[in-house]
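Take a look at the structure below.
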Amino acid sequence: MPQRKITFNSGECYHVYNKSINNEIIFKTHDNYIYLIEKIQKYCKSLNIEIIAYCLMPNHFHFLLQQKENTPISKYIFNLFNCYSKAFNKMYNRNGTLFQGRFKCILVDDNSYMVHLIRYIHRNPIDRKKPLVTQLENYQYSDY
């Protein structure tokens, strides 16, 4: 498999996202979301990654992350979703990947883009044909 083209650097911010394979639901219950949110916090502390914004949707996720030290964000995402995938597969008696290939990642090096991106990430639950909530503060699976 070819190497990722982006280099992760300390102090930089990145938009990280991915979608489930075949648009399958990857968060079937409230407990699935809570399990991942707990892992998000655990791995942020252990790998010194700062979450600026995140939103977990039924079939995809978005993060705006800042790498604080030399441990690359790719290691954080790998640890986080490897752990989640194993638990999800065990819980639902399935095997295989949950996601469409590698996660996508964009360097965020412009403040106006960062403001737009935070708004975009947080509005995910309502900016859709069938909104998940009517008020952003009612969506439990983001840091809005």
Side-chain angles (χ1 to χ4, degrees), residues 1-128 132-133 135-144:
M1 193 172 276
Q3 293 292 322
R4 187 175 297 280
K5 292 178 183 176
I6 194 163
T7 302
F8 295 98
N9 296 309
S10 180
E12 297 288 343
C13 296
Y14 302 89
H15 177 203
V16 177
Y17 56 99
N18 207 349
K19 194 172 194 178
S20 68
I21 196 162
N22 297 324
N23 283 326
E24 291 178 18
I25 301 300
I26 54 174
F27 299 104
K28 294 185 178 198
T29 67
H30 172 73
D31 289 342
N32 293 152
Y33 286 102
I34 297 307
Y35 177 84
L36 186 63
I37 290 168
E38 289 171 356
K39 297 299 178 189
I40 287 168
Q41 295 166 350
K42 173 187 172 185
Y43 288 120
C44 274
K45 287 179 184 172
S46 68
L47 297 174
N48 205 11
I49 301 291
E50 182 178 346
I51 295 181
I52 299 169
Y54 79 88
C55 188
L56 305 176
M57 299 294 287
N59 69 343
H60 70 283
F61 65 84
H62 290 274
F63 288 96
L64 177 55
L65 304 172
Q66 183 177 33
Q67 182 173 314
K68 300 300 259 178
E69 293 181 357
N70 291 330
T71 304
I73 283 176
S74 56
K75 183 173 182 177
Y76 170 75
I77 295 297
F78 174 80
N79 288 349
L80 183 63
F81 286 102
N82 186 45
C83 175
Y84 182 75
S85 295
K86 285 180 181 179
F88 184 90
N89 284 345
K90 184 176 181 181
M91 179 177 287
Y92 295 105
N93 197 28
R94 70 180 298 278
N95 57 41
T97 186
L98 294 179
F99 299 99
Q100 294 180 4
R102 293 180 176 181
F103 66 89
K104 311 326 179 262
C105 185
I106 299 170
L107 174 65
V108 179
D109 59 358
D110 177 81
N111 284 342
S112 62
Y113 176 55
M114 185 177 292
V115 170
H116 169 76
L117 184 58
I118 292 168
R119 185 179 309 114
Y120 170 79
I121 289 171
H122 286 150
R123 290 187 56 85
N124 249 248
I126 63 172
D127 284 349
R128 34 190 308 127
L132 299 174
V133 292
Q135 300 290 321
L136 288 176
E137 54 271 6
N138 295 335
Y139 193 69
Q140 303 174 56
Y141 313 117
S142 84
D143 68 334
Y144 175 75

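Note that these values count all heavy atoms, side chains included, but never hydrogens, waters or copies made by symmetry. In what follows, residues are counted from 1 in the order of the sequence shown.
- The aromatic rings of Tyr84 and Phe88 are tilted relative to each other, their planes meeting at an angle between 30° and 60°.
- Not less than 6.0 angstrom separates the ring centroid of Tyr144 from the ring centroid of Tyr139.
- Residues satisfying the side chain to side chain contact (heavy atoms under 4.5 Å, CB included) test with Met91, not counting sequence neighbours, are Asn32.
- For the pair Ile49/Gln66, no side-chain contact is recorded, criterion being any heavy-atom separation below 4.5 Å from C-beta on.
- For Arg119, there are no salt bridge (Lys or Arg N to Asp or Glu O under 4.0 Å) partners at least two apart in sequence or on another chain.
- Applying the ring-ring contact (aromatic ring centres under 6.0 Å, His included) criterion to His62, with sequence neighbours excluded, gives His15, Tyr17, His60, Tyr120.
- For Phe78, the side chain to side chain contact (heavy atoms under 4.5 Å, CB included) partners are Asn82, not counting sequence neighbours.
- Between Thr71 and Asn48 there is no side-chain heavy-atom pair separated by less than 4.5 Å.
- Atom OG of Ser142 and atom OH of Tyr33 lie 11.0 Å apart (nearest 0.5 Å).
- Taken from CD1 in Ile73 to SG in Cys13, the straight-line distance is 7.5 Å, to the nearest 0.5 Å.
- To the nearest 0.5 Å, atoms CZ (Arg102) and CD1 (Ile77) are separated by 14.0 Å.
- The side-chain heavy atoms of Phe99 and Ser85, taken from C-beta on, include a pair separated by under 4.5 Å.
- Of the inter-residue distances, the one linking His116 atom NE2 with Asp110 atom CG reads 11.0 Å to the nearest 0.5 angstrom.
- Gly96 approaches Asn89 most closely through the heavy-atom pair O-ND2, 2.9 Å.
- Here the closest non-hydrogen pair linking Arg128 and Pro125 is CD-O, 3.5 Å.
- Shown here are the side chain to side chain contact (heavy atoms under 4.5 Å, CB included) partners of Gln135, two or more places apart in sequence or in another chain: Glu137, Asn138.
- Under the rule for a salt bridge (Lys or Arg N to Asp or Glu O under 4.0 Å), Asp31 has no partner lying at least two apart in sequence or in another chain.
- Judged as a side chain to side chain donor-acceptor pair (under 3.5 Å), and not counting sequence neighbours, Asn79 has no contacts.
- Judged as a salt bridge (Lys or Arg N to Asp or Glu O under 4.0 Å), and not counting sequence neighbours, Lys86 has no contacts.
- Every ring-ring contact (aromatic ring centres under 6.0 Å, His included) that Tyr14 has, sequence neighbours left out, goes to Phe8.
- When all heavy atoms of His122 and Ala53 are compared, the closest pair comes out as NE2-CB, 3.7 Å.
- Scanning both residues, Val108 and Leu117, for their nearest heavy atoms gives CG2-CD2, 3.6 Å.
- Heavy atoms of other residues, nucleotides or ligands lying less than 6.0 angstrom from CG of Asn70 number 12 at most.
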Could you pull out all donor-acceptor pairs under 3.5 Å where a side-chain atom in residues 34-46 meets a protein atom, sequence neighbours excluded?
{"unit_1": "Ser46", "atom_1": "OG", "unit_2": "Lys42", "atom_2": "O", "d": "3.4"}
{"unit_1": "Ser46", "atom_1": "OG", "unit_2": "Tyr43", "atom_2": "O", "d": "3.4"}

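- A pairwise comparison of heavy atoms in Gln100 and Asn18 identifies O-OD1, 3.5 Å as the closest pair.
- Asn59 places no side-chain N or O within donor-acceptor distance of the main-chain N or O of Ser20, the cut-off being under 3.5 Å.
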Could you go through the side chain to side chain contact (heavy atoms under 4.5 Å, CB included) check for Cys105 and Val16 one step at a time?
CA-CA 5 Å; Cys105 185; Val16 177; 4.0 Å; yes
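- When the salt bridge (Lys or Arg N to Asp or Glu O under 4.0 Å) test is applied to Glu50, the partners found at least two apart in sequence or on another chain are Lys68.
- Two residues are said to be in side-chain contact when any heavy atoms from C-beta on lie closer than 4.5 Å; Ile51 and Leu65 meet this criterion.
- A 4.5 Å side-chain heavy-atom check between Arg123 and Leu136 finds at least one atom pair inside the cut-off.
- Here Tyr113 pairs with nothing under the ring-ring contact (aromatic ring centres under 6.0 Å, His included) rule; sequence neighbours left out.
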Steps toward side chain to side chain contact (heavy atoms under 4.5 Å, CB included) verdict (Phe63, Leu56):
CA-CA 9 Å; Phe63 288 96; Leu56 305 176; 4.2 Å; yes
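- Rounded to the nearest 0.5 angstrom, Phe81 CZ and Phe103 CZ are separated by 10.0 Å.
- Rounding to the nearest 0.5 Å places CE of Met57 at 4.5 Å from CG of Leu132.
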